[in-house]
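Letters A, B, ... mirror the listed sequences (proteins, then strands); counts begin at 1. Because the structure is predicted, anything quoted here is derived from the model rather than measured.
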Amino acid sequence: MSLFESTNTLFAELLLPVPIPKLFTYRVPQDYNDYIKIGQRAIVPFGERKVVTGVITHLHSNPPKDYEAKYILELLDEERVVSDIQFRFFQWIADYYCCTPGEVLNAALPAGLKLSSESMVQLHPGFDWNESNFEFTQKEEILLKRLAQEPLTYTDISKMLGIKQVHGILKSLTKKEAIIVFEEIKDKYKPKTERRIRLSEAYVNNKQLEGLFELLGNKPKQEEVLLRYLQEVPILQDKTLNKQGISRATLLQTDLSESSLSTLIKNNILEEFEIHISRFDSTTTNEKQEIVLSEEQLQAEQSILTAFEKQSTVLLHGITGSGKTEIYINLVQKALADGSQVLLLLPEIALTTQIVQRLKKVFGGVMGIYHSRFTDNERVEVWKNILNGTFKFVVGVRSSIFLPFENLGLVIIDEEHDSSYKQHEPAPRYHARDSAIYLAQLHHAKVLLGSATPGIETYFQTEQNKYALVRLDKRYAEAQLPTIIISNLQEEQQRKTNKGEFSGLLIRKMEEALAAKEQVIIFQNRRGYSPSISCEDCHWIPKCVNCAVSLTYHQYRHALICHYCGYKESMPDQCPTCTSKRIKTIGYGTEKLEEELNLHFPDSTVQRMDLDTTRSKSSYENIIEQFEKGETNILVGTQMLTKGLDFDNVSLVGIFNADRMLHFPDFRSYERAFQLITQVSGRAGRRKKTGEVIIQTSQAEHPVLNYILNHDYLGFYRAELNERHQHIYPPYSRLIELTVKHIDKKICRQASSELAESIRGTITDIQVLGPGEPMISKIRNQYLMSILVKVARGNQQLAQIKKSIQSEIDRLNKVKEFRAVRFIIDVDPI
DNA sequence: AGCACGCCGACT
DNA sequence: GTCGGCGTGCTC
């Protein structure tokens with residue numbers, strides 16, 4: 001029974017996936033009174049003609065005073081799909097990361113659960129070109145001819161006609177009764193179906209069947225189909241089998257006549273029906289994989305469990321190759337046995353790799369995967385399978401923290417330090433690790449953070465006794481940590497032992513490894529051929545027209561490409577300013593490395609793995625598979641190489657250029673360099689042999705390299721912490737980065753100055769740096785200014801400070817000249 | 001964020 | 001003159 005009298009008029013508050021900081025009130029059609037629940041989705045009209053999907057947050061019977069509420073058009077769910085815990089979680093994210101709950105909802109719901117309409121334009125049904133009394137402009141004519149073929153969206157039209165504002169022409173054509181605009185609902189989730197065949201009920205007994213065959217005696221093709229059916233589905237032995245039937249595809253696999261099948265269906269001898277099937281491989285290969293833990297692993301696991309008795313969050317600091325995965329598996333099994341749900345977070349690209357296949361083998365059908373390469377339909381299915389209890393364990397990326405868990409018992413965040421856990425664009429700019437820790441609190445769940453190179457802030461929490469710490473210092477299966485060798489390029493250049501940008505040492509080591517039939521990984525964190533090009537005579541450097549960056553040369557496309565906005569122009573064969581033909585490339589990207597390695601090692605196969613070679617869906621897996629099989633000898637790549645890959649035969653890892661990582665002007669650059677280099681190094685040498693890592697640098701004495709050399713995380717941590725303390729950076733402060741965006745440089749600067757000024761004037765106990773020009777001061781024709789707010793550790797006013805910043809922004813945004821300025825708040829930026 | 005409306009410059 | 005640009009306000 002409903003809480004409300006069913007004759008009462010109900011109103012529903014809806015959270016809509018739009019960046020407007022309020023709920024919207026809709027009227028509930030009376031038919032729904034007994035049926036409507038908080039947490040269900042509803043389709044509602046929004047604006048003039050749009051419809052959107054929202055989630056019901058409250059029900060009441062107070063009509064709004066200031067306006068007439070519109071009716072809910074349709075309820076989409078029988079049961080709630082968003083839980084109270086999720087609502088609280090969304091609100092927390094919105095508050096903490098300074099965005100609206102609507103933006104959180106937008107990120108949380110997979111597109112397939114969020115159907116909304118898009119305006120489509122089609123020809124007026126009564127419109128006849130020849131009979132129309134109106135004159136048409138040239139553009140109108142082009143559009144009408146195109147519309148005669150198919151309806152178009154506004155964006156289609158604006159692209160087709162090359163105009164930004166589509167409105168005028170549509171209005172004119174509407175008036176001339178040539179077109180109409182209608183709404184098409186997009187992205188509706190469609191269950192995957194399978195067409196199946198079974199015998200009509202009337203024939204499911206031996207006698208009837210016999211008669212049937214007599215009947216078909218002179219129709220051998222149909223007889224054949226029927227016989228095949230009986231063979232595949234032995235209903236003579238078990239009549240109940242007929243209900244399931246057989247999939248149409250399977251039945252027709254052996255070239256049976258399709259038309260005979262149709263005839264049999266038409267004559268009601270066979271019948272066709274549809275069932276909903278899963279998009280996921282349901283092979284529950286629960287091969288009861290026995291996971292054998294080493295002594296150290298067992299101990300670590302025990303320590304984690306003991307720590308969980310007192311503390312809810314534990315950091316597992318396990319060196320690369322120490323076998324953290326096996327411990328995870330054991331812990332997941334235990335949590336599942338307790339009847340809880342488990343979430344395992346992995347960095348984006350680690351998800352396509354071996355670790356997932358391994359987990360799938362152990363957990364089979366109760367494990368769901370949530371991944372950005374999944375289609376909308378697949379994501380909806382994961383969502384539903386969690387709601388209906390099929391999936392009790394989810395392995396997923398950042399956004400899987402939004403899935404509808406009901407009783408999480410354990411959250412594991414692998415590679416806890418990984419920066420892909422922080423969403424940068426668009427809002428909500430959340431950190432999945434930190435948000436997951438809060439989510440776990442809501443569920444009273446435990447959190448295990450795992451990393452070989454924990455983030456400074458995370459490790460600090462263990463020293464503050466906020467998190468417990470468990471160490472795993474030994475590599476699994478007797479493997480040794482790799483030997484790290486610093487190769488001083490400057491020195492080699494003086495002695496002329498280098499070969500171009502490769503040190504003689506690296507080349508020699510590579511020759512040795514390849515001769516021994518071992519594999520080599522070369523790491524360079526820069527894609528493309530060369531980061532820029534330049535004219536040797538006049539020093540001209542091509543720049544992006546939309547952004548303040550130089551263009552990266554991509555050889556395979558023979559083009560200059562902007563890595564920030566995607567702008568592309570073709571590679572000039574002469575300098576556009578001085579017509580010189582002497583154009584040189586500056587710096588090394590993975591593409592150029594690949595080319596040079598091919599020259600140096602003509603007998604080896606070189607493969608490149610970066611954003612450009614892994615764009616298509618399976619290319620990533622292909623590259624890895626080829627390397628695993630040993631078909632590739634040398635793998636060149638960006639930081640993609642650092643995540644979750646295990647290769648047995650890699651004996652050498654080369655870091656092509658460590659300098660750039662160390663010199664990045666950012667307080668986290670040392671931390672990042674340490675993590676990156678340590679992680680890539682971990683790819684070298686497993687099992688039998690000690691691997692080697694060669695780091696090419698011109699700063700052989702750099703302290704960070706020294707810590708890496710000695711596998712000294714703790715030493716590095718102490719030094720870095722000291723550094724952070726000196727300059728009051730995290731963990732000694734919390735940062736809030738404000739970015740000011742506008743097409744006009746002057747207005748952008750003015751707005752940022754005023755914002756910084758007003759924050760300084762109104763908020764006490766904080767430090768405001770800037771405004772200053774960020775490293776890239778223009779992106780997509782928007783000028784950028786940046787302000788950094790530092791809030792000292794332990795400041796209890798954090799929430800209030802964020803509110804004050806927000807209200808200063810709101811105030812500035814109301815000032816006429818700053819109306820169009822965009823202010824972006826990034827809490828805990830990375 | 002979209003989307004509609006309304007005001008204004010630079011072209012036929 | 002009108003077409004297409006852009007600023008402004010609103011969404012239950």
Specify the separation, in whole Å, of atom [atom1] of [X] and atom [atom2] of [N].
X        : N      : atom1 : atom2 : value
A/Leu143 : C/dC3  : CG    : P     : 14 Å
A/Arg822 : B/dG2  : CZ    : P     : 11 Å
A/Leu161 : C/dG5  : CG    : C1'   : 16 Å
A/Asn106 : C/dT11 : CG    : P     : 20 Å
A/Lys114 : B/dG2  : NZ    : P     : 11 Å
A/Lys814 : C/dC10 : NZ    : P     : 12 Å
A/Phe46  : B/dA1  : CZ    : P     : 13 Å
A/Ile20  : C/dG9  : CD1   : P     : 15 Å

Classify the ring geometry between A/Phe87 and A/Phe90 as parallel (under 30°), tilted (30 to 60°) or perpendicular (over 60°). perpendicular
Angle class for the A/His371/A/Phe374 ring planes (parallel below 30°, perpendicular above 60°, tilted otherwise)? perpendicular
Select one nucleotide: of B/dA4, B/dA1, C/dC12, the one nearest the side-chain heavy atoms of A/Thr25. C/dC12
Nearest listed nucleotide, side chain of A/Phe24, among B/dA1, C/dT8, C/dC12: C/dC12
Closest-nucleotide ordering on DNA chain B, the 5'-leading residue of A/Glu48 and A/Glu103: A/Glu103
Phosphate OP1/OP2 of [N]: any [X] side-chain N/O under 4.0 Å:
X        : N      : answer
A/Lys50  : B/dG2  : no
A/Tyr26  : C/dC12 : yes
A/Arg49  : B/dA4  : yes
A/Lys139 : C/dG4  : yes

Scan side-chain atoms only and decide if A/Ser435 and A/Tyr96 contain a donor-acceptor pair under the 3.5 Å cut-off. no
Looking just at side-chain N and O atoms, do A/Asp810 and A/Ser807 make a donor-acceptor pair shorter than 3.5 Å? no
Quick one: label [X] by what it contacts on the DNA or RNA (base, sugar-phosphate, nothing), any heavy atom closer than 4.0 Å.
X        : result
A/Pro45  : sugar-phosphate
A/Arg819 : sugar-phosphate
A/Pro19  : base

Salt bridge A/Glu457-A/Arg668, side-chain N to carboxylate O under 4.0 Å: yes
If you assign A/Ala820 and A/Ile169 each to the DNA chain C nucleotide with the nearest heavy atom, which residue ends up on the more 5' nucleotide? A/Ile169
